[in-house]
Amino acid sequence: MLKRRMEIKKIEHKAKRNTAFRTRRKELFKMAREFGQDFGAHVAVVTIHEAGNVFAFGHPNLTSVVQNYKEAKEVELSKKDDDDNQEVV
């Protein structure tokens, strides 16, 4: 059975929008968890509701994923700085 492509548009009715947000957030977090488990990947997802509520998921946990990301970025930036500072012979 093939999936139909759905048009994504804003849900105008507030109650329906809140219900859809809650449902899709759960589905998104479930997919992220399965991705992390199936492939051994570190995954982080953060959603912010229009009311300002923040929801976050991380596999294995959010703190470790964010820490790994920050460390990888620092290494990437230091490598870039090293490349920029090398003299051309």
Answer yes when Arg17 and Glu12 have at least one side-chain N-carboxylate O distance shorter than 4.0 Å, and no when they do not.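 Not counted as a salt bridge, because no side-chain N and carboxylate O are separated by less than 4.0 Å.
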Thinking salt bridges, do Lys79 and Glu76 make one under a 4.0 Å N-O criterion? no
Give the intermediate values and the outcome of side chain to side chain contact (heavy atoms under 4.5 Å, CB included) for residues Glu50 and Lys14. CA-CA 10 Å; Glu50 65 185 1; Lys14 190 172 184 174; 4.1 Å; yes
What I'd like to find out is whether the side chain of [X] reaches to under 4.5 Å of the side chain of [Y], using heavy atoms alone.
{"X": "Val43", "Y": "Val65", "answer": "no"}
{"X": "Leu28", "Y": "Val45", "answer": "yes"}
{"X": "His59", "Y": "Gln37", "answer": "yes"}

Is there a donor-acceptor pair under 3.5 Å between the side chain of Ser78 and the backbone N or O of Val75?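 Looks like yes, one N/O pair under 3.5 Å.
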So which atom in Phe35 and which in Ala41 form the shortest heavy-atom distance, rounded to 0.1 Å? CE2-CB, 3.7 Å
Phe55 and His49: aromatic ring centres closer than 6.0 Å?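 No - the distance between ring centres of Phe55 and His49 does not fall below the 6.0 Å cut-off.
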If you round to the nearest 0.5 Å, how far is [atom2] of [Y] from [atom1] of [X]?
{"X": "Thr19", "Y": "His13", "atom1": "OG1", "atom2": "NE2", "result": "9.5 Å"}
{"X": "Arg25", "Y": "Asn53", "atom1": "CZ", "atom2": "CG", "result": "9.0 Å"}
{"X": "Leu62", "Y": "Gln67", "atom1": "CG", "atom2": "CD", "result": "11.5 Å"}

Audit row: Phe57, Thr47, side chain to side chain contact (heavy atoms under 4.5 Å, CB included) steps and yes/no: CA-CA 9 Å; Phe57 169 82; Thr47 60; over 6 Å; no
